[in-house]
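Read through the structure below, which is laid out as structure tokens, and then see the notes.
The analysis underlying the following values was restricted to heavy atoms, covering all of them including side chains, and did not include hydrogens, waters or symmetry mates. What you see is a predicted model; the values in this text were computed from it and never measured.
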Amino acid sequence: QVQLVESGGGLVQAGGSLRLSCVASGRTLSSYHMGWFRQAPGKEREFVARIRRSGSTLYADSVKGRFTISRDNAKNTVYLQMNSLEREDTAVYYCNAADSIDTFGSPSAYWGQGTQVTVSS
């Protein structure tokens with residue numbers, strides 16, 4: 001029903017900033033709860049941030065205070081502003097869309113292809 005395309009990843013030095021974007025097509029972004037997950041090599045996928053249809057947000061403890069998730073429904077885009085990046089933030093970041101909180105982050109939700117974020121020392 002919805003296709004997600006992430007962009008904005010790249011190489012950045014520790015302490016730097018990066019903004020990821022996720023553009024939805026096929027259905028309007030406003031229909032979904034949105035969020036970001038990440039997966040580092042050899043690690044399990046982990047939750048990063050979520051923003052509900054209402055606009056309320058939730059962050060993983062590891063990124064709280066450094067990352068900010070936002071959405072622009074008019075542009076069908078969700079963003080992840082990443083500040084004070086650390087080497088531990090290096091991962092492939094995936095956009096996620098769910099029509100209910102119960103399915104958020106699950107295989108039944110919708111996922112983008114991922115964008116690589118690499119933080120150097």
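A distance of 14.0 Å separates CD in Glu44 from CZ in Arg38, rounded to the nearest 0.5 Å. Annotation: the span from Asp72 atom CG to Ser30 atom OG amounts to 11.0 Å, rounded to 0.5 Å. The CD atom of Gln81 sits 8.0 Å away from the CG atom of Leu18 when rounded to the nearest 0.5 Å. Considering CG of Leu4 and OG of Ser21, their distance stands at 12.5 Å, rounded to 0.5 Å.
Ring geometry, Tyr110 versus Tyr32: the interplanar angle exceeds 60°, so the pair is classed perpendicular (tilted spans 30 to 60°).
Judged by the 6.0 Å and 45° rule, Arg71 forms no cation-pi pair with Tyr79.
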Let me see the working for Val48 and Phe67 under side-chain contact (heavy atoms from CB on, under 4.5 Å), right down to the final yes or no. CA-CA 9 Å; Val48 176; Phe67 291 10; 3.8 Å; yes
inquiry  = Run Phe104 and Phe37 through ring-ring contact (aromatic ring centres under 6.0 Å, His included) and show every step you take.
reply    = CA-CA 11 Å; Phe104 178 78; Phe37 290 75; 5.4 Å; yes
Item to complete: Could you give me the CA-CA distance, side-chain angles and deciding distance for Trp111 and Arg45, then say whether side-chain contact (heavy atoms from CB on, under 4.5 Å) is met?
Response: CA-CA 12 Å; Trp111 296 88; Arg45 182 187 64 189; 2.9 Å; yes
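Of all heavy-atom pairs spanning Val78 and Cys95, the tightest one is CG1-SG, 3.8 Å. For the residue pair Ala49 and Leu80, the shortest heavy atom distance occurs at CB-CD1, 4.2 Å. Closest of all the heavy-atom pairs between Lys43 and Gln39 is O-NE2, 3.1 Å.
Judged purely by atom type and a 3.5 angstrom limit, Asn96 uses its side chain to pair as donor or acceptor with the backbone of Gly105. In this structure, His33 contributes its side chain and Arg53 its backbone to a donor-acceptor pair below 3.5 Å. In this structure, the side chain of Tyr59 engages the main chain of Ile69 through a donor-acceptor pair within 3.5 Å. Checking side-chain atoms of Arg66 against main-chain N and O of Ser84 turns up a donor-acceptor pair under 3.5 Å.
Cluster membership check: Leu58 does not share its hydrophobic cluster with Leu20, using side-chain heavy-atom separations under 4.5 Å among Ile, Leu, Val, Met, Phe, Trp and Tyr. One hydrophobic cluster holds both Val63 and Val12 under the rule that ILVMFWY side chains link at heavy-atom gaps under 4.5 Å. Phe47 and Met34 sit in two unconnected hydrophobic clusters of ILVMFWY residues. Membership requires side-chain heavy atoms under 4.5 Å apart, directly or through other members. A chain of hydrophobic side-chain contacts below 4.5 Å, direct or via other Ile, Leu, Val, Met, Phe, Trp or Tyr residues, connects Leu29 to Ile51.
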Pairs under 3.5 angstrom only: tabulate donor-acceptor contacts from the side chains of residues 114-121 to other protein residues two or more places apart or in another chain.
{"residue": "Thr115", "atom": "OG1", "partner": "Gly9", "partner atom": "N", "Å": "3.2"}
{"residue": "Gln116", "atom": "NE2", "partner": "Ala91", "partner atom": "O", "Å": "3.4"}
{"residue": "Gln116", "atom": "NE2", "partner": "Thr118", "partner atom": "OG1", "Å": "3.3"}

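No side-chain donor from either of Thr103 and Ser106 sits under 3.5 Å from a side-chain acceptor of the other.
Applying the side chain to side chain donor-acceptor pair (under 3.5 Å) test to every pair with at least one member in residues 5-20, sequence neighbours left out, gives these pairs: Glu6-Gln113, Ser17-Asn83.
Contact check for Arg50 versus Ile101: side-chain heavy atoms found under the 4.5 Å cut-off.
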